[in-house]
There are 2 protein chains.
Amino acid sequence: MESIDELMSTLIVELKRGTLVLSVLSQLRSPEYGYSLVQKLEEKQAAIEANTLYPLLRRLEKQGLLTSEWDTTENRPRKYYILSPTGKAVYEKLKEEWMQMSRQLALLLKEDDEDDTDRPVY
Amino acid sequence: MESIDELMSTLIVELKRGTLVLSVLSQLRSPEYGYSLVQKLEEKQAAIEANTLYPLLRRLEKQGLLTSEWDTTENRPRKYYILSPTGKAVYEKLKEEWMQMSRQLALLLKEDDEDDTDRPVY
DNA sequence: TGACTATAATGTATGTCATACAGTATATTA
DNA sequence: TAATATACTGTATGACATACATTATAGTCA
């Protein structure tokens, strides 16, 4: 049996897991490069590891949600990621899904603040 | 390249994935058996597959979050699952984590409803 | 000026877990 | 009596976050 902290850590990773794509897509309203995304999301308390982000970006590109372009005109080369029309559509849909799921889960969790009486289903 | 529907389906599974433990724990304020949990959660728009739930319950039991007891006194045998003190503590913590993450993500998604102007970080 | 750190990205291996598929047993229903 | 619902167990596969390793180079510091 593992420690509570390790368990919590794993559970939190899983909790966070599905939101990572959504978080990343939300920061791509304009072209961004990887490291910039890492920084932006960290600032907004939605941190993601580079080890996670880059494969995720590659995956999304492979799936057609975004495209990438190297910009070699500046001091150092950067690979910019741009949402495709498909990516935008998927983002909107995913956003709606999350909102819906979020509401449902909030209802489930809210039951704790109430009596233990059995309530009629919704 | 897969279809959008398949892609959305996968993304939604991932989105939902981390919330399953939380959903299940939320329904264990009193002892419940597996099939009953499946039904309750389905009613509350938080459906979970039996194939997912049972291994999940076994996992949680192994981790000490809950215990199980066979009730063979009724028409048919049922395995009841009971939150342990550890399980209750983990549930509360996970709940708080979710609320926090939820708020952060809502902020990220809310940016879409606003101008494309760069805003100061929080 | 060389060493160290930050920037920026790629690749491999491992761990976690949802789902597909297969199955068991028995109470209930058509 | 056959089909369906109830209730649960087990194996295999797919998806992906993270740990670990690495490359390259611009910027900073002693």
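Within every chain, numbering begins at 1; the chains are lettered A, B, ... in the order of the sequence lines, protein sequences first and strands thereafter.
- Pairs engaging residues 88-108 of chain B under the ring-ring contact (aromatic ring centres under 6.0 Å, His included) rule: none recorded [sequence neighbours left out].
- For Ser36(A), the side-chain hydrogen bond (donor to acceptor under 3.5 Å, both in side chains) test picks out Glu32(A), with sequence neighbours left out.
- Put simply, CG on Leu15(B) is 13 Å from P on dC16(D), counting in whole angstrom units.
- Sorted pairs that involve residues 52-76 of chain B and meet ring-ring contact (aromatic ring centres under 6.0 Å, His included), not counting sequence neighbours, are lacking altogether.
- With rounding to whole Å, Glu61(A) atom CD is found 12 Å from dA9(C) atom P.
- Nearer the 5' end of DNA chain C, as judged by each residue's closest nucleotide, is the contact made by Tyr81(A), out of Leu11(A) and Tyr81(A).
- Within the structure, ring-ring contact (aromatic ring centres under 6.0 Å, His included) pairs that include any residue of residues 3-41 of chain A comprise Tyr33(A)-Tyr80(A) (at least two apart or interchain).
- Rounded to whole Å, the distance from CG on Leu7(A) to P on dG15(C) is 17 Å.
- The CD-P distance, from Glu32(A) to dA8(C), rounds to 12 Å in whole Å.
- Between Lys62(A) atom NZ and dT10(C) atom P there is a gap of 15 Å when expressed in whole angstrom units.
- Residues that satisfy the side-chain contact (heavy atoms from CB on, under 4.5 Å) test with Glu49(A), not counting sequence neighbours, are Asn51(A), Thr52(A).
- Defined by atom type and a distance below 3.5 Å, a donor-acceptor pair is missing between the side-chain atoms of Ser3(B) and Asp5(B).
- Rounding to whole angstrom units, CG of residue Leu60(A) and C1' of dC16(D) are separated by 12 Å.
- Summarising the local packing, CD of Glu92(A) is surrounded by more than 12 heavy atoms from other residues, nucleotides or ligands at distances under 6.0 Å.
- Residues that satisfy the side-chain contact (heavy atoms from CB on, under 4.5 Å) test with Arg76(A), not counting sequence neighbours, are absent from this structure.
- The CD atom of Gln39(A) sits 14 Å away from the C1' atom of dA9(C) (whole-angstrom rounding).
- Among the nucleotides dC17(C), dT7(C), dT9(D), the one closest to any side-chain atom of Arg78(A) is dT7(C).
- Within residues 46-59 of chain A, the residues that place at least one heavy atom under 4.0 Å from DNA chain D are, in residue-number order, Glu49(A), Asn51(A), Thr52(A), Arg59(A).
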Using atom names, set out every protein N or O paired with an N or O of nucleotides 12-14 of chain D below 3.5 Å, distance rounded to 0.1 Å.
none

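- Across the protein-nucleic acid pair, Tyr33(B) atom OH and dT9(D) atom P stand 14 Å apart, rounded to whole Å.
- In this view, Pro55(B) and Arg58(B) satisfy the side-chain contact (heavy atoms from CB on, under 4.5 Å) rule, not counting sequence neighbours.
- Applying the salt bridge (Lys or Arg N to Asp or Glu O under 4.0 Å) test to pairs two or more places apart or on separate chains, those with a residue in residues 12-22 of chain B are Glu14(A)-Arg17(B), Arg17(A)-Glu14(B), Glu14(B)-Arg17(B).
- Qualifying side-chain contact (heavy atoms from CB on, under 4.5 Å) partners for Glu61(A), counting only residues two or more places apart in sequence or in other chains: Leu66(A), Ser68(A).
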Quiz item: Nucleotide by nucleotide, 5' to 3', does protein get under 4.0 Å of the base (B), only the sugar-phosphate (S), or neither (-) in nucleotides 25-30 of chain C, counting heavy atoms?
Solution: -BBS--

